[in-house]
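See structure below.
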Amino acid sequence: MKERLKRSLRAAKIAPSSDSILVMMKWVLAGNGSIQGNRDSRVTRRGVQPPSAGTSKDRGTEPGGRETRTGRRSRRAHSGRATPAAEAELESIDGSPTPKRRKVAAPRGKKDAGLHLRLFSGTPDLAGIQPCLPPARLHSWDYHRPLLLSGRSGSEGRRRLLSWFDSASTTRGMPWRSPWIDPGRLDAADLRPLLERRAYEVWISEIMLQQTRVAVVVDYWKRWMARWPTIHDLAGADADDVLAAWRGLGYYSRATRIYQAAKLVVQDPDMRGLLPSAADELAARVPGVGRYTAGAISSIVFGRAEPMVDGNVLRVLSRQLGIHGNIKSDKSVIDIIWAAADALVKTVSQHDEGPEADHNVLERDSEAVPLSDRPGRWGQALMELGSTVCTPKPDCPSCPITSTCRVYAEGSAMASNKTNDAATVADMEDLCGLCSPLGGQETDGTKCRHALNSYP
DNA sequence: ATCCTGTCAG
DNA sequence: CTGACAGGAT
């Protein structure tokens with residue numbers, strides 16, 4: 001019945017005016033899936049052969065797919081031969097590393113900047129705002145202030161998510177997850193090669209994980225590292241060998257970029273084999289590394305407070321903030337979630353845990369940058385939560401941070417039938433512009449299971 | 001804003 | 001069979 005209703009609602013695209021029951025049902029059921037699964041689930045079955053001829057012109061176009069970390073689909077395991085297109089690509093690239101296009105940080109509108117400041121700057125905030133419910137769901141922008149960011153419940157939630165990650169999941173045989181290298185405890189001479197290697201390891205793993213399930217990546221990663229233990233080894237490798245090592249993973253342009261980037265990083269007088277530690281620099285200078293991967297490397301390897309937001313984190317945070325917008329296509333929604341993730345990781349980095357914690361400070365531009373393993377653990381905790389608990393069909397009872405989750409609160413309120421609809425928005429200026437008008441159209445959405453259960 | 005790639009859910 | 005999905009590049 002739920003399914004039927006859902007389907008017909010979708011098919012009909014629901015008219016705004018339809019009766020409130022339908023609208024409500026649609027809202028409740030809106031959380032269809034998007035990203036799914038755990039990175040580990042399913043065993044791969046045989047792999048598919050890499051595609052043959054590239055349809056587009058070589059010129060190394062781009063790769064794409066993924067599924068990954070999060071687990072959605074898996075991918076092929078097998079080994080196949082490389083595609084002609086891939087070979088051509090690799091050859092063409094072999095010689096000259098091309099500088100990466102400079103990424104121009106999208107100048108965000110002042111309006112957005114102001115909004116982000118308002119929502120994420122550390123003012124006290126009254127988190128007592130009532131959950132807003134359909135059909136109207138009227139609420140102000142302030143409704144989206146992350147509860148995780150402030151107050152006692154916020155710090156409690158942050159602590160719980162971190163310890164959930166530390167205890168439960170972690171390290172499930174993922175060899176690239178190794179203890180953080182504390183720069184404060186080593187001589188500079190010892191530190192450099194360690195960081196170089198770790199950055200290289202995490203980088204390779206992240207790229208592989210963008211397209212393949214963990215279980216499959218483990219093998220490839222181990223073989224890769226055995227063959228080229230350092231980025232210098234990779235830079236000196238033969239192009240064909242690199243391709244051969246990637247064979248079976250598909251998306252050969254990624255292998256191409258890695259190879260190209262390795263040469264570039266090794267040759268660059270500034271880097272000399274060590275990837276940049278700043279996320280913006282990583283994204284700007286390393287081919288194949290975008291916003292997400294840059295944040296992952298910067299925080300996991302270098303301990304910086306940089307956000308890493310993948311599809312899972314978009315879902316987790318959109319629920320935490322109660323944003324019922326399209327997390328896949330609405331840029332303002334995506335931007336605000338990145339801004340929230342940024343504020344969160346900075347808070348975690350500076351204020352949470354670790355009584356001492358201030359020594360690891362890197363002087364940089366007369367600015368002290370706190371370094372610790374917390375940013376990396378935090379970011380991975382969010383991703384892990386999104387891939388195992390806060391999935392498209394969430395398992396709210398297992399979630400360590402329901403107490404700061406707006407959507408959970410909304411689901412609970414609806415389940416207990418509080419047909420609340422008392423709009424409490426002071427003035428129109430404050431009306432949230434992120435959420436879809438009738439709670440419709442959003443891809444994220446999503447109520448918690450217990451809410452679903454109470455609405456047959 | 002759109003394409004790329006390969007897989008699996010529908 | 002088709003479409004959705006994923007991070008990056010263009």
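Here is how names work: the chains are called A, B, and so on, in the same order as the sequence lines, proteins then strands, and each is numbered from 1.
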Rounded off to whole Å, could you give me the [atom1]-to-[atom2] distance for the [X] and [N] pair?
X: A:I327; N: C:dC5; atom1: CD1; atom2: C1'; result: 12 Å
X: A:Q210; N: C:dG8; atom1: CD; atom2: P; result: 5 Å
X: A:R254; N: B:dG6; atom1: CZ; atom2: C1'; result: 11 Å
X: A:Y252; N: C:dA9; atom1: OH; atom2: P; result: 20 Å
X: A:K331; N: B:dT2; atom1: NZ; atom2: C1'; result: 15 Å
X: A:I334; N: C:dG8; atom1: CD1; atom2: P; result: 13 Å
X: A:L249; N: B:dT5; atom1: CG; atom2: P; result: 16 Å
X: A:Y251; N: C:dC5; atom1: OH; atom2: P; result: 14 Å

Short N-O contact, A:D268 and A:R272, less than 4.0 angstrom: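 No, this pair does not count.
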Is a donor from one side chain sitting under 3.5 angstrom from an acceptor on the other, for A:H324 and A:E410?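 Per modelled atom types, A:H324 and A:E410 side chains form a pair under 3.5 Å.
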Return the set of residues passing ring pair (Phe, Tyr, Trp, His ring centres under 6.0 Å) with A:Y143 (not counting sequence neighbours), or none when no residue passes.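 Ring pair (Phe, Tyr, Trp, His ring centres under 6.0 Å) check on A:Y143 returns A:H139.
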Sequence neighbours left out, what passes ring pair (Phe, Tyr, Trp, His ring centres under 6.0 Å) with A:W228? Give chain and number order.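 Ring pair (Phe, Tyr, Trp, His ring centres under 6.0 Å) list for A:W228, sorted by chain: A:W224.
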With the side chain of A:K328 defined as its heavy atoms from C-beta on, choose the nearest nucleotide among C:dC5, C:dG8, B:dG6.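 The listed nucleotide nearest to A:K328's side chain is C:dC5.
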Please state whether the phosphate of C:dG8, meaning OP1 or OP2, lies under 4.0 angstrom from any side-chain nitrogen or oxygen of A:T293.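 Affirmative; the distance criterion is met.
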